[in-house]
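Structure first, then comments.
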Amino acid sequence: MTRRYSLALLCAALVLGPGLQPAAQAQTAAADGWTAPRLPDGRPDLQGVWDFRTITPLERPEEFADQAVLTDEDEAVLVARALDRQIDRPPAPGDVGGYNQFWIDRGTNVDEDRRTALIVDPPDGRLPARMPNVPEQVGSLRADLPGERPVRYRSGGIGADGPEDRGIAERCILGFNAGPPVRPGGYNNNLQLFQTPDHVVILHEMVNDARIVPLDGRAHLPAGLRQWRGDGRGRWDGDTLVVESTNFTDKTASYGHGGIYAYGTGLTLHLTERFTRVADDVLLYEYTVNDPVTFSRPFTAAIYMRRGEQPIYEYACHEGNYGMFDILAGARHQEQRAGAAGGSR
């Protein structure tokens, strides 16, 4: 698509601070005469499959410094890099390789308003400073063995006594762009929204999990009840659907991105998500992470999702569930070999 939404207003927001919300900007700057389609209850119709692929990074790269918006030349360079990444090349010596590019689907377009980062607040487009002694890569990505020196791993734990020794991403409980919040990743960058007058369902293609969010004003669960995806409660703010989630488990991070890093624990996370339809084929998604134990201040990111043309398909993690079996079976085989070698001495 060639439309760009709320570019001037977004630039103003970056100067004025977080008080001016991207949703309000986008609604103001939507095409003249366009109004969101309505359901019988009068609420905007947000239903459908929404594609959130983008090559716009979460944080502003150093090369753009104080530059909030890409120039035409900048965008052309980034698109060329994205196209080049789609070419399969041999892995480095000693690297057995992983997925080839057929399976990777990061997209080749920057976000609709050509920001240099998905983060819109703080204005520098960077994650806020972390608080002292905040843990990195907690159980959402790996499981440390007793007495093991902590090491940064991109995915999963390294134990093999049982499935619980693997990180939850490797166990396909949560992972990568599954959210919440929604974050573009290597593939399966789709979600589907369903609405009733008193509930909204957010179905994530990654790991095929659905969040069922009540809209009837009920209170959050008691503090002692914790859930993998938190406890979401929804409400309408004009034409914007707002979902606030608390009660995340300490088995997940407060915030992580792309399987590369994760900080803090979900125990102290308060997440606010906003969904605003700004055109027939565009949905503005914003999220604010508020966790004073993990970060020095809240931060907000915004993504323009495009209406998808394909249905969401079932996500069969672990290649038909053989992956975990093979990991554990291989460990048992190694133990048997080690036992046999020890017994022959």
Check your understanding: Is the backbone of Pro44 close enough, under 3.5 Å, to the side chain of Gln195 for a donor and an acceptor to pair up by distance?
Key -> yes
Point to revise | Pair Arg235-Glu273, salt bridge (charged side-chain N to carboxylate O under 4.0 Å, His left out): steps then yes or no | key: CA-CA 11 Å; Arg235 57 182 172 82; Glu273 300 168 279; over 6 Å; no
Exercise for review: For residues Asp41 and Pro197, report the shortest heavy-atom separation together with the two atoms involved.
Suggested key: OD2-CA, 3.4 Å
Practice item. Look at atom CG of Leu221 and say whether more than 12 heavy atoms of other residues, nucleotides or ligands are closer to it than 6.0 Å. Key: yes
**Study point:** Check: Ser296 side chain, Ala129 main-chain N or O, donor-acceptor pair, under 3.5 Å
**Key:** yes
Check your understanding: Nearest heavy-atom pair of Pro128 and Pro298: which atoms, and what distance?
Key -> CG-O, 4.1 Å
Review point. What orientation do Tyr263 and Phe295 show, parallel under 30°, tilted 30 to 60°, or perpendicular over 60°?
Key: perpendicular
Check your understanding: Just by modelled atom types, is the His204 backbone N or O under 3.5 Å from a matching donor or acceptor in the Gln192 side chain?
Key -> no
Check your understanding: When you measure from the centre of the six-membered ring of Trp50, is the NZ or CZ of Arg306 under 6.0 Å away and within 45° of the axis?
Key -> no
**Study point:** Distance, nearest 0.5 Å, that separates CD1 of Ile303 from OG1 of Thr56
**Key:** 9.5 Å
Practice item. Identify the two heavy atoms, one from Ala210 and one from Val201, that lie closest to each other, and give their separation to 0.1 Å. Key: CB-CG1, 4.0 Å
Review point. Would you say Tyr285's side chain and Val182's backbone share a donor-acceptor pair under 3.5 angstrom?
Key: yes
Check your understanding: Are any side-chain N or O atoms of Arg226 and backbone N or O atoms of Ala223, one a donor and one an acceptor, separated by less than 3.5 Å?
Key -> yes
Check your understanding: Would you find a donor on one side and an acceptor on the other, under 3.5 Å apart, between the side chain of Thr116 and the backbone of Phe64?
Key -> no
Study note, to complete from the structure: Here the gap from Leu191 atom CG to Ile312 atom CD1, rounded to the nearest 0.5 Å, amounts to 6.5 Å
Check your understanding: Within a radius of less than 6.0 Å around CD of Glu63, do more than 12 heavy atoms belonging to other residues, nucleotides or ligands occur?
Key -> yes
Review point. In this structure, which one of Val207, Thr249, Asp209 forms a side chain to side chain contact (heavy atoms under 4.5 Å, CB included) with Trp228?
Key: Thr249
Practice item. State plainly whether one hydrophobic cluster holds both Ile202 and Trp236, where clusters connect Ile, Leu, Val, Met, Phe, Trp and Tyr through side-chain heavy atoms under 4.5 angstrom apart. Key: yes
Check your understanding: Is a side-chain donor-acceptor pair under 3.5 Å present for Thr71 with Asp74?
Key -> yes
Check your understanding: Taking all non-hydrogen atoms of both residues, which atom of Leu271 and which atom of Pro181 are closest, and how far apart?
Key -> CD2-N, 3.7 Å
Revision key, fill the gap. Shortest non-hydrogen pair, Asn190 vs Phe52, comes out as N-CE2, 3.3 Å
Point to revise | Derivation of the salt bridge (charged side-chain N to carboxylate O under 4.0 Å, His left out) call for Asp51 and Arg53 | key: CA-CA 6 Å; Asp51 177 346; Arg53 289 175 296 172; 2.6 Å; yes
Exercise for review: Give the cluster check for Leu127 versus Met131: same hydrophobic cluster or not, with ILVMFWY residues linked at side-chain heavy-atom distances below 4.5 Å.
Suggested key: yes
Check your understanding: Would you call Arg115 and Asp113 a salt bridge, taking side-chain N to carboxylate O under 4.0 Å as the test?
Key -> yes
Check your understanding: Asp231 and Arg233: salt bridge (charged side-chain N to carboxylate O under 4.0 Å, His left out), yes or no, with the steps?
Key -> CA-CA 7 Å; Asp231 178 45; Arg233 296 291 182 266; 2.7 Å; yes
**Study point:** Working for side-chain hydrogen bond (donor to acceptor under 3.5 Å, both in side chains), residues Thr288 and Thr272
**Key:** CA-CA 5 Å; Thr288 298; Thr272 302; 5.8 Å; no
Review point. Would a distance-only check, ignoring hydrogens and angles, find a side-chain to backbone donor-acceptor pair under 3.5 Å from Asn189 to Asp105?
Key: yes
Exercise for review: Run through Arg277, Arg274, Arg38, Arg43 and flag the one making a salt bridge (charged side-chain N to carboxylate O under 4.0 Å, His left out) with Asp239.
Suggested key: Arg38
Exercise for review: Count the heavy atoms of every other residue, nucleotide or ligand shown that sit under 6.0 Å from CZ of Arg89, and state whether that count exceeds 12.
Suggested key: yes
Point to revise | Check against side-chain hydrogen bond (donor to acceptor under 3.5 Å, both in side chains), Thr246 and His220 | key: CA-CA 8 Å; Thr246 59; His220 281 283; 3.3 Å; yes
Check your understanding: Same cluster or not: are Leu269 and Val134 linked, directly or through other Ile, Leu, Val, Met, Phe, Trp or Tyr residues, by side-chain heavy atoms under 4.5 angstrom apart?
Key -> yes
Review point. Would a distance-only check, ignoring hydrogens and angles, find a side-chain to backbone donor-acceptor pair under 3.5 Å from Asp88 to Gln101?
Key: yes
Check your understanding: Going through the checks in order, is the side-chain hydrogen bond (donor to acceptor under 3.5 Å, both in side chains) test met by Thr265 and Asp250?
Key -> CA-CA 5 Å; Thr265 81; Asp250 61 356; over 6 Å; no
Practice item. Grab the two heavy atoms, one from Pro214 and one from Ile212, that are nearest each other, plus how far apart they are. Key: CD-O, 3.6 Å
Check your understanding: Within the side chain of Thr108, is there an N or O that forms a donor-acceptor pair under 3.5 Å with the backbone of Val79?
Key -> no
Check your understanding: Are the side chain of Arg183 and the backbone of Gly256 linked by a donor-acceptor contact shorter than 3.5 Å?
Key -> yes
Exercise for review: Show the numbers, then the answer: is there a salt bridge (charged side-chain N to carboxylate O under 4.0 Å, His left out) between Asp66 and Arg60?
Suggested key: CA-CA 9 Å; Asp66 298 327; Arg60 185 180 301 164; 5.1 Å; no
Practice item. Please check if the distance between the ring centroids of Tyr255 and Phe299 is under 6.0 Å. Key: yes
Check your understanding: Taking only residues two or more places apart in sequence, or in another chain, which ones meet Thr196 in a side chain to side chain donor-acceptor pair (under 3.5 Å)?
Key -> Asp198
